[in-house]
Amino acid sequence: MNEAKIPAPEAPANPPDFIRKRIREDVAKNKNHGRVITRFPPEPNGYLHIGHAKAINLNFGIAREYQGACHLRLDDTNPEKEEQEYIDAIREDVRWLGFDWGGHLYHASDYYDRFYTYAVELIEKGLAYVCHLSPDAIREYRGTLTTPGKNSPFRQRPADENRALFERMRRGEFKEGECVLRAKIDMEHPNINMRDPAIYRIKHAAHPRTGDKWCIYPMYDFAHCISDALENITHSLCTLEFEDHRPLYDWVLDNITIPCHPQQIEFARLELTHTLLSKRKLLQLVQEGIVNGWDDPRLPTIRGLRRRGYTPEAIGAFCRAIGVDKTNSVIDIGTLEYHLREDLNRRAQRVMAVLHPLKVVIVNYPDNQAETFSAENNPEDPASGTRPVPFAKTLYIEQEDFQESPPKGYFRLAPGREVRLKHAYYITCQAVIKDEATGEIKEIHCTYDPGSRGGSTPDGRRVKGTLHWVAAEHALDAEVRLYSHLFTRPDPNQAPAGQDFRSALNPQSLVTLPACKVEPSLRVAMAGDRFQFMRHGYFCVDPDTTPARLVFNRTATLRDTWAKMMQKGQGQPE
RNA sequence: UGCCGGGUCGUCCAACGGCAGGACAGCGGCCUUUGGAGCCGUUUAUCGUGGUUCGAAUCCACGCCCGGCAGCCA
């Protein structure tokens, strides 16, 4: 609705991280003619999450800072695991995060012919051979982390024979697993990745993009470096687990005829407390129905965050704040939430919503009177204007804003106590009406001071508490979904013996409030619109919303000093 | 235990060999028509032992601890 348009902050990460420093040096030396081209290369076998957002912001951010380019490349070299569904989702998510690959959308499968030609070149140079060892035998021959491997009996096949065999592999004359093309490097190499790694394997599977054209597919180590080089990538940024693969990356490019040799640089992947960023475990959460799909607002997936009400700007600010390094680190999820609140505070329109309604009757307010107050939309942004908010004799306030016997320090409504209704009047509690049988509070009777109209009085007397409210007859019904951390433990994987991360699931991660009352201006709210429910937090309209029923998701709570005081009080014997 | 990488406040990130700084969290206060926001203040750290040096988080040596690697996954 009236959400402030905040331009994406273009400031580079501050101070420059080790990758940017290195790139700066390269540019200064005029390496690659001073050009910077990066790439984001997801495998389309899952949905993107906040960890990918770190890589996306890094790669696209650097390209933007150097007026270079960042390619989006789908790394689709394994037809058994990849699906078009994921490809579409990845494109959508990257764009939503605020990045544009221009014309540079590629697929590793675009290069299948080139890969094949380069494999033949290695064969002809005597640097690759077809190996008929079984997978088990290959493992045995590879040796272990501490003992060297030994040469395959097929290692000395002449180039001509290898070439013919490889061609037969391509034509589908072999069964899966029967043989494989291997780089001929060194079976005693201390780096296991260099012990004649497989570079092509047989998979009689149709590929989402190339169909039945191929039944042999290149391995990551062979395809990735060549893809980078074919696209003239200057800096190939990847996560730490590929550090051991860099020698192989370089070996392949050094041994084929290709003019470009990108520099691989590794950085630590993102880890966050109170959530999971493993593809496998995310998939498990979805498949076991622990969450409601890939866009469940409790998930750290980009779609989940989007549905939760996160902004791409907040995610970008978070990525800049955490920096990039090689140390394995675990970021407190509070840091993410901080950047979210900071962004939403500037841009989200304020609105009044009562989550747990308690009826209040203003006994001295004329029965059929109604008036309208003008409420500022966002005190942080005067340009956001105001909206009308109707007031009437019967209102709802928050149940927790009234206490019959208030504890020390409680500023809200209590018998005989005067508080301010935001934007409206001062009211004083005169009576508490209870259900005779249950003792449950049914409604509160108050008087109002007509002289306090607008929220202050001529005598200048002060009230400690200011409550939000909605007029009963004008209020809209809404369902509100209160989300909190999916896991109770900071590290869900640190589970008691015999249990897994599921033992850390937070049973309160979703609490649905079906009968909330919200102010009438929300009638025109659209799915995705973000608001601050005053004194509660940030909420956004869920796509489940229908014309008949508004549904809101809680994006984040506001800082709640009172709740914190209460919590602390409980911990200590007074 | 072969190879690779990494150890700076509770957390994350800084610091040409020259006063260890910032952010988040915490704590205290101010302010407030959101117990929000904002503002001010504040606690806390260089893995260890030697060495080089006028001077070491930074360089060297030896340890210690943590992570990654033995897919025809990426």
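First the proteins, then the strands, lettered A, B, ... as listed; each starts at 1. Every heavy atom of this structure was used, including side-chain atoms; hydrogens, water molecules and symmetry mates were not.
Among the heavy atoms of the strands lying under 4.0 Å from N78(A) are primed sugar atoms or P, OP1, OP2 only; no base atom is included. R341(A) comes within contact range of no nucleotide atom at all, as no heavy-atom separation falls under 4.0 Å. No contact: V463(A) has no heavy atom under 4.0 Å from any strand. Contact annotation for T273(A): no contact, since no heavy-atom pair falls under 4.0 Å across all strands. Residue-level contact check: E43(A) touches the backbone only, with heavy atoms under 4.0 Å from sugar-phosphate atoms and none from bases. As judged by a 4.0 angstrom heavy-atom cut-off over every strand, T457(A) is placed among residues making no nucleic acid contact. Across all strands shown, I331(A) has heavy atoms under 4.0 Å from sugar-phosphate atoms exclusively, and none from any base. T144(A) comes within 4.0 angstrom of a base, heavy atoms only. Using a 4.0 Å heavy-atom distance criterion, Y538(A) is classed as making no nucleic acid contact. In this structure, F242(A) reaches the bases: a heavy-atom distance under 4.0 Å links it to at least one base atom across the strands shown. Base contact: P379(A) has a heavy atom under 4.0 Å from a base atom. Looking at heavy-atom distances under 4.0 Å, G409(A) makes contact with a base. A321(A) comes within contact range of no nucleotide atom at all, as no heavy-atom separation falls under 4.0 Å. Heavy atoms of R269(A) sit nowhere under 4.0 angstrom from any nucleic acid atom.
Of the candidates rA74(B), rA14(B), rC12(B), the closest approach to any side-chain atom of D75(A) belongs to rA74(B). Comparing rC73(B), rG5(B), rA74(B) by their closest approach to the side chain of K326(A) singles out rG5(B). Nearest to the side-chain atoms of R559(A) among the listed nucleotides rC72(B), rU34(B), rA37(B) stands rA37(B). When the nucleotides rA14(B), rC24(B), rA70(B) are ranked by their closest atom to the side chain of T335(A), rC24(B) comes out on top. Closest to the I192(A) side chain, of the nucleotides rC24(B), rU34(B), rA70(B), is rA70(B). Distance from the side chain of R350(A) is smallest for rU34(B) among the nucleotides rU34(B), rA14(B), rA70(B).
Here rG71(B) is in the syn range [glycosidic angle within 90° of 0].
With a cut-off of 3.5 Å on both Watson-Crick or G-U wobble distances, the partner of rC16(B) is given as none. With a 3.5 Å ceiling on both atom-pair distances, the Watson-Crick or G-U wobble partner of rG5(B) is rC66(B). With both pairing distances under 3.5 Å, rC24(B) is matched to rG10(B) as a Watson-Crick or G-U wobble pair. When both pairing distances are held under 3.5 Å, rA37(B) makes no Watson-Crick or G-U pair with any nucleotide shown. As the counterpart of rG50(B), rC60(B) is assigned, both hydrogen-bonding distances of the Watson-Crick or G-U wobble pattern falling under 3.5 Å.
Between the side chains of S452(A) and T457(A), not a single donor N or O lies within less than 3.5 Å of an accepting N or O. A donor-acceptor pair shorter than 3.5 Å cannot be found between the side chains of H189(A) and R195(A).
Here the separation of rC31(B) from rC39(B), taken at their C1' atoms, is 8 Å to the nearest Å. Atom name C1', nucleotides rG48(B) and rC65(B): the rounded distance is 10 Å, in whole Å. Rounded to whole Å, the C1' atom of rC62(B) lies 40 Å from the corresponding atom of rU42(B). One P atom belongs to rA45(B), the other to rG36(B), and the distance between them is 30 Å to the nearest Å.
Nearest-nucleotide mapping onto RNA chain B: of E178(A) and F18(A), the residue sitting toward the 5' end is F18(A). Checking S456(A) against G177(A), the closest nucleotide of RNA chain B that is more toward the 5' end is the one next to S456(A).
In summary, the aromatic rings of Y129(A) and F154(A) are positioned with their centroids too far apart to meet the 6.0 Å limit. With ring centers used as reference points, H224(A) lies 6.0 Å or more from H245(A).
In this model, the phosphate group of rC3(B) is not approached by any side-chain N or O of T146(A) to a distance below 4.0 Å at OP1 or OP2. OP1 or OP2 of rC27(B) sits under 4.0 Å from a side-chain N or O of K564(A). In this structure, K21(A) reaches the rA15(B) phosphate: one of its side-chain N or O atoms is under 4.0 Å from OP1 or OP2. For rC24(B), one of the phosphate oxygens OP1 or OP2 lies less than 4.0 angstrom from a side-chain nitrogen or oxygen of Y338(A). Distances shorter than 4.0 Å separate some side-chain N or O of K203(A) from OP1 or OP2 on rC73(B). For the pair S329(A) and rC13(B), the criterion of a side-chain N or O lying under 4.0 Å from OP1 or OP2 is met. OP1 and OP2 of rA70(B) both lie 4.0 Å or more from every side-chain N or O belonging to R195(A). Between R142(A) and rG71(B) there is a side-chain N or O to OP1 or OP2 distance below 4.0 Å. For the OP1/OP2 pair of rC13(B) and a distance below 4.0 Å, the side-chain nitrogens and oxygens of T327(A) include at least one atom meeting the criterion. Taking side-chain N and O atoms only, R201(A) has a distance below 4.0 Å to OP1 or OP2 of rC73(B).
Side-chain atoms of H339(A) and base atoms of rA23(B) include no donor and acceptor less than 3.5 Å apart. Applying the 3.5 Å distance criterion, the base of rG5(B) shares no donor-acceptor pair with the side chain of E241(A). The base of rG35(B) is not paired with the side chain of D560(A) by any donor and acceptor separated by under 3.5 Å. Scanning atom types as modelled, no donor and acceptor separated by under 3.5 angstrom connect the side chain of R139(A) and the base of rG71(B).
Counting heavy atoms from C-beta outward, R461(A) and E418(A) have side chains that approach closer than 4.5 Å.
Atom CG in D196(A) sits about 12 Å away from atom P in rC72(B), given to the nearest Å.
A donor-acceptor contact shorter than 3.5 Å links the side chain of Q399(A) to the backbone of P357(A). Side-chain N or O atoms of E43(A) include none that pairs as donor or acceptor with a backbone N or O of N78(A) at under 3.5 Å.
The aromatic ring of W562(A) is stacked on the base of rG35(B), with the two ring centres less than 5.5 Å apart and the planes inclined by under 30°.
Rounded to the nearest 0.5 angstrom, E178(A) CD and R168(A) CZ are separated by 8.5 Å.
The side chain to side chain contact (heavy atoms under 4.5 Å, CB included) test with C516(A) is passed by exactly one of V470(A), V354(A), V480(A): V480(A).
The aromatic rings of Y111(A) and Y106(A) are tilted relative to each other, their planes meeting at an angle between 30° and 60°.
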